[in-house]
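Convention: sequence-line order gives letters A, B, ...; per-chain numbering from 1.
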There are 2 protein chains.
Amino acid sequence: MLELRHLETLIALAESGSLAAAASRVNLTQSALSHQVKAIESHYECPLFERKSTPLRWTPVGERLVALAYDITRALSDANREVARLLDGRAGQMRIAVECHSCFDWLMPSMDVFRKNWEEVEQDLVSGFHPDPVDLLNENRADVVIVSRKQRRRGIDFHPLFRYRMPAILGKKHSLTKKKHLTARDFTNETLITYPIPDERLDLVRRVLSPAKVFPERRTATLTEAILQLVASGRGVAALPAWAIQPYLDREYVISRPIGKDGLWCELYAASTSAGSATSYLLDFVQTMRDVCFRQLKGIEVLR
Amino acid sequence: MLELRHLETLIALAESGSLAAAASRVNLTQSALSHQVKAIESHYECPLFERKSTPLRWTPVGERLVALAYDITRALSDANREVARLLDGRAGQMRIAVECHSCFDWLMPSMDVFRKNWEEVEQDLVSGFHPDPVDLLNENRADVVIVSRKQRRRGIDFHPLFRYRMPAILGKKHSLTKKKHLTARDFTNETLITYPIPDERLDLVRRVLSPAKVFPERRTATLTEAILQLVASGRGVAALPAWAIQPYLDREYVISRPIGKDGLWCELYAASTSAGSATSYLLDFVQTMRDVCFRQLKGIEVLR
DNA sequence: GATACAACTTGAATCAATTTCAAGATCGAT
DNA sequence: ATCGATCTTGAAATTGATTCAAGTTGTATC
């Protein structure tokens with residue numbers, strides 16, 4: 001019989017386009033997914049999709065079952081939300097602070113979804129910069145903060161969102177484009193363009209350059225587009241989330257290269273007070289962000 | 001996490017009104033259901049229903065989850081049907097023959113449901129009496145026959161529908177009402193009123209009276225109502241399906257008594273040719289009959 | 001055309017989780 | 001007060017899903 005886990009697999013498959021990717025998304029091995037798919041196929045006695053094509057090409061039956069999967073997960077999450085409301089009332093507020101500019105790309109759509117589901121919860125974006133945004137939680141000036149690092153702080157919970165690749169971004173004619181991947185030393189004589197935030201929150205600096213004692217020239221810009229423009233015109237290099245610059249890479253406006261042999265992987269967490277973690281709409285918002293991101297950002301991975 | 005099996009359990013619970021009854025309906029022990037319910041309740045951290053009341057009294061959360069269960073099973077069976085149509089076309093016919101008159105009670109609603117789901121399949125009721133209705137299948141004059149006995153016939157499949165109690169029916173003042181249950185010998189000096197069908201298809205005669213060499217006076221009537229009327233007016237006794245006469249028992253128009261210590265249990269099967277069993281709409285019709293019956297007939301049990 | 005690599009498949013072994021079993025608790029009815 | 005029916009509970013047993021490790025297939029590269 002078809003089970004919920006099969007439906008989750010189908011969705012992961014539909015959204016990630018390969019067995020391997022879907023497997024990591026649902027925290028299983030490819031093998032497990034292969035078994036699952038085979039089970040479904042032998043239950044319906046027909047194939048679900050063509051294997052050798054990316055993205056997957058679904059058969060009509062496969063398509064119908066993917067649709068079913070979406071229907072059912074929607075019904076499930078609606079019910080869970082309603083139960084949550086039944087159990088702990090509906091009102092409340094949701095003040096969101098972000099540390100990272102490009103996050104707005106997916107934060108806005110997430111907030112839209114959330115607004116539909118929790119009309120009574122008042123939403124707000126806490127703007128401006130803060131030396132340590134997590135303090136906003138303790139000061140009760142925000143309810144959720146999106147941060148790139150899990151800390152050990154009492155009374156604060158960090159809900160994992162996802163991990164993503166942060167490649168170096170180079171102008172099309174930059175000499176470093178010849179290399180397959182970059183190392184800290186490659187940055188020595190470059191101008192590094194970053195957002196205007198403290199070094200300890202810039203993963204490239206904190207995790208790669210500082211440990212290697214490399215301190216390139218620096219320059220800042222507030223908007224992702226501005227950084228890209230500077231890079232494209234050869235006035236420096238940068239490191240940006242892969243998901244934030246995919247369209248520019250597709251158009252070959254700039255070139256990306258992995259930082260380090262395995263690439264630089266960064267993480268994103270939603271921080272809240274422990275009290276906040278007990279309110280169901282906050283947890284639902286975290287889940288909504290995950291859902292939206294996995295649906296619309298390519299190449300991100302689950303984080304625990 | 002909530003699983004499909006939990007939802008099936010919730011539906012069985014909602015429709016049967018007790019853990020024990022629901023358990024037999026989903027082919028599990030009460031214990032298993034108890035564990036399941038406890039698991040759901042501890043997941044949502046709230047009770048689903050009050051235990052000591054029949055029918056179960058649901059909490060708002062329980063109610064919402066039952067609604068979810070119906071939503072999801074509907075989505076599932078819609079999808080399964082559509083997949084079936086995708087795989088083996090849509091046209092066909094469905095000629096139904098019944099051996100037992102009272103079956104129309106649930107056969108009509110089942111046919112209504114089926115008609116909605118398979119518009120292209122032409123429905124027909126094969127009327128009239130036949131010495132052996134299963135022959136209608138081989139002669140290709142019917143596609144499904146509802147029968148009370150599983151036989152060993154090559155090329156014919158018997159799909160179990162349900163089992164049910166067949167109590168004896170007595171007039172309100174009949175002296176046998178003093179007994180807790182009746183035995184074959186109690187029928188010796190009675191007039192037995194039956195449908196006008198061969199003895200080997202009357203479970204009471206075949207399984208109870210004949211083995212005990214008891215041959216009471218006989219009388220026949222075609223309609224259930226006619227039989228009831230005769231019984232009520234003291235002109236004989238009968239044995240009828242519990243589900244068929246529930247309203248008359250509730251109104252105390254007649255009295256029922258179990259036949260034998262454990263009561264007489266009868267069975268109902270849908271017979272089809274093996275070829276027929278391969279068409280998806282026929283199997284769907286069988287499932288529809290089961291669903292409709294378990295939803296609307298009280299006191300019936302699963303049959304394998 | 002050989003080789004390597006990536007993605008997927010397969011069967012056996014492991015491990016987790018659900019079911020059953022057996023005993024005990026609770027409630028109503030006689 | 002006792003019986004019977006219904007449900008609960010914890011531990012054992014069973015089921016079945018996942019992992020592991022090896023094999024297959026297809027694609028790219030030299």
- [ ] Just grab all the side-chain hydrogen bond (donor to acceptor under 3.5 Å, both in side chains) pairs involving residues 4-15 of chain A, residues at least two apart or on different chains.
- [x] A/Thr9-A/Gln36, A/Glu15-A/Arg25, A/Glu15-A/Tyr70, A/Glu15-A/Arg295

TODO: Give a yes/no answer on whether the side chain of B/Gln36 brings an N or O atom under 4.0 Å of OP1 or OP2 in C/dT18.
DONE: no

Task: Verdict with supporting geometry, B/Leu303 and B/Tyr269, side chain to side chain contact (heavy atoms under 4.5 Å, CB included) - done: CA-CA 9 Å; B/Leu303 176 61; B/Tyr269 296 86; 3.8 Å; yes

Would you tabulate the nitrogen or oxygen pairs shorter than 3.5 Å linking the protein to nucleotides 7-12 of chain D?
unit_1, atom_1, unit_2, atom_2, d
D/dC7, OP1, B/Leu19, N, 3.2
D/dC7, OP2, B/Leu19, N, 3.4
D/dC7, OP2, B/Ala20, N, 2.8
D/dT8, OP1, B/Arg51, NH1, 2.3
D/dT8, OP2, B/Ser34, OG, 3.0
D/dT9, O4, B/Ser31, OG, 2.8
D/dG10, O6, B/His35, NE2, 3.1

TODO: With sequence neighbours excluded, tell me which residues meet ring pair (Phe, Tyr, Trp, His ring centres under 6.0 Å) with A/Phe49.
DONE: A/Trp58

Open item on the list: How many whole angstroms separate atom CE of A/Met1 from atom P of D/dG16?
Closed with: 13 Å

Open item on the list: How many whole angstroms separate atom CD of B/Glu3 from atom P of C/dT19?
Closed with: 11 Å

Open item on the list: Angle between ring planes, A/Trp106 versus A/Trp243, binned at 30° and 60°: parallel, tilted or perpendicular?
Closed with: perpendicular

TODO: Report the distance from atom CD1 of B/Ile72 to atom OG of B/Ser77, rounding to the nearest 0.5 Å.
DONE: 12.0 Å

- [ ] Drop me the distance from A/Ile40's CD1 to A/Leu65's CG, to the nearest 0.5 angstrom.
- [x] 7.0 Å

Open item on the list: Going by salt bridge (Lys or Arg N to Asp or Glu O under 4.0 Å), name the pairs with one or both residues in residues 255-264 of chain A, residues two or more places apart or in two chains.
Closed with: none

Task: Heavy-atom neighbours of B/Arg57 CZ exceed 12 at 6.0 Å - done: no

Open item on the list: Within this structure, what is the CZ-CG distance for the pair B/Arg74 and B/Asp71, rounded to the nearest 0.5 Å?
Closed with: 5.5 Å

- [ ] For DNA chain C, find the residues of residues 39-48 of chain A with a heavy-atom distance under 4.0 Å and give them by number; none if there aren't any.
- [x] none

Provide a list of protein-nucleic acid N or O atom pairs under 3.5 angstrom, restricted to nucleotides 25-29 of chain C.
none

Task: Interatomic distance where CG belongs to A/Leu28 and P belongs to D/dC20 [whole Å] - done: 12 Å

- [ ] For the residue pair B/Arg165 and B/Pro258, establish whether any side-chain heavy-atom pair is separated by less than 4.5 Å.
- [x] no

